[in-house]
Number of protein chains: 2
Amino acid sequence: MPVTIPDEILERMAEKFRTLGDPTRLAILRALLGGEKSVGVVVAETGQNQANVSKHLKLLAEAGMVRRRKEGLQVFYVVADPLVESLCELVCGTILREAEADVERGRKIMKSWGRRG
Amino acid sequence: MPVTIPDEILERMAEKFRTLGDPTRLAILRALLGGEKSVGVVVAETGQNQANVSKHLKLLAEAGMVRRRKEGLQVFYVVADPLVESLCELVCGTILREAEADVERGRKIMKSWGRRG
DNA sequence: GCACTAATTTACTATACGGTCAACTAGATA
DNA sequence: TATCTAGTTGACCGTATAGTAAATTAGTGC
């Protein structure tokens, strides 16, 4: 018989996906996957408002995806959950494959203009 | 130098995550991972309102995660994107491991009450 | 203490989205 | 044609959340 997943687990799964479901947060995580960075650097690399970056970083920290370290005036963040990289790689790979398929379809459509039919 | 991911790719990645970022949709997908099912069956298995299930299924279909097939009065849906299973397995596994870690921590705390210190 | 900088927080707006009920559509059956 | 059933859609409400600007906090150097 099928195993029913309790609501609480589904909610926790959904929360992780939801946390990754925003392009700005993905950009921030992408920056942080390159190593620990200060908020200022992340702001520069993402081109986003500092207040906004700060809020997203807080959200990511609360979700346990990122770790915070204060040093003088600056605050540094790193990716703390290996899941982030796995999930992003999987999804990004899929999208690139989809894009390649689109290109291929396009190629065929282009070709079809060159022959009768 | 770091490869900057274009906004459009980030948005497409975020959209996939966002689609999975809802417990009701996860419940629906969980039901459909067991094989093709009619809307009615999904409604029964998830215990959700039919209108609501129908809307979520539409959303999932538009995101390409699910395929629709009509047969007489009924409409059947299946998971169409292998990404769904991979992502859910990864996240679900992580959460279960987190839960086990919590239990282990709890065990240690319990034990600490039994000895001096 | 005062000025300066890095980051966070607050207040606000706009928008997206989930849930529900009611209306509607499509197909089967009499 | 009238009716029943399975699904979808539309209208509505409430809530959550992204973005921004302004106020605030925390640390540095004069």
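Numbered from 1 within each chain, the chains take letters A, B, ... in sequence-line order. All figures in this text were calculated on a predicted structure; none of them were measured in a lab. Values reported hereafter were calculated over all heavy atoms of this structure, with side chains retained and with hydrogens, waters and symmetry mates removed.
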Measure the CZ-CG distance between B/Arg105 and B/Asp102 for me, rounded to the nearest 0.5 Å.
5.0 Å
Kindly point out which of C/dG18, C/dA7, C/dT20 is positioned nearest to the side chain of B/Asp22?
C/dG18
Distance in angstrom units between B/Gln48 CD and C/dT20 C1', rounded
11 Å
Hey, does B/Val66 have a side-chain heavy atom less than 4.5 Å from the side chain of B/Val84?
no
Integer-rounded Å distance: C/dG19 P and A/Asp7 CG
11 Å
Taken to the nearest whole Å, CD/B/Glu15 to C1'/C/dA16 is 13 Å
Only counting residues at least two apart or in another chain, list the ones meeting salt bridge (Lys or Arg N to Asp or Glu O under 4.0 Å) with A/Glu104.
A/Arg107
With side chain to side chain contact (heavy atoms under 4.5 Å, CB included) as the test, pick out the partner of A/Tyr77 among A/Leu32, A/Leu29, A/Ile28.
A/Leu32
Students often get this wrong, so: under 4.0 angstrom with heavy atoms, is B/Phe76 touching a base, only sugar-phosphate, or nothing?
nothing
Nucleotide by nucleotide, 5' to 3', does protein get under 4.0 Å of the base (B), only the sugar-phosphate (S), or neither (-) in nucleotides 24-30 of chain C, counting heavy atoms?
--BBS--
Compare every heavy atom of A/Val91 with every heavy atom of B/Phe17, then report the nearest pair and how far apart it is.
CZ-CG2, 3.5 Å
When rounded to whole Å, the NE2 to C1' distance for the pair A/His56 and C/dT9 reads 15 Å
Got a salt bridge between B/Arg18 and B/Glu11, using NZ or NE/NH1/NH2 to carboxylate O under 4.0 Å?
yes
Rounded to the nearest 0.5 Å, how far does CD1 of B/Ile95 lie from CD of A/Glu8?
9.0 Å
Could you tell me whether A/Lys55 contacts a base, only the sugar-phosphate backbone, or nothing, with contacts defined as non-hydrogen atoms closer than 4.0 Å?
base
Name the nucleic acid region contacted by A/Gln50, choosing base, sugar-phosphate or nothing; use a 4.0 angstrom heavy-atom cut-off, strictly under.
base
First and last nucleotide of DNA chain D in contact with chain B, 5' to 3', at under 4.0 Å to a heavy atom: what are they?
D/dT5 to D/dA11
OP1, OP2 of C/dG19 versus side-chain N and O of B/Asn52: anything below 4.0 Å?
yes
Nearest 0.5 Å, what's the NZ-OG distance between B/Lys70 and B/Ser38?
13.0 Å
When rounded to the nearest 0.5 Å, the distance separating CG of B/Leu83 from CG of B/Leu20 is 7.5 Å
What is the distance from CZ of B/Arg25 to C1' of C/dA16, rounded to the nearest Å?
12 Å
Has A/Arg68 got a side-chain N or O lying under 4.0 Å from the OP1 or OP2 atom of C/dA7?
no
Once you apply a heavy-atom cut-off of 4.0 Å, does A/Leu59 come out as touching a base, just sugar-phosphate, or nothing?
sugar-phosphate
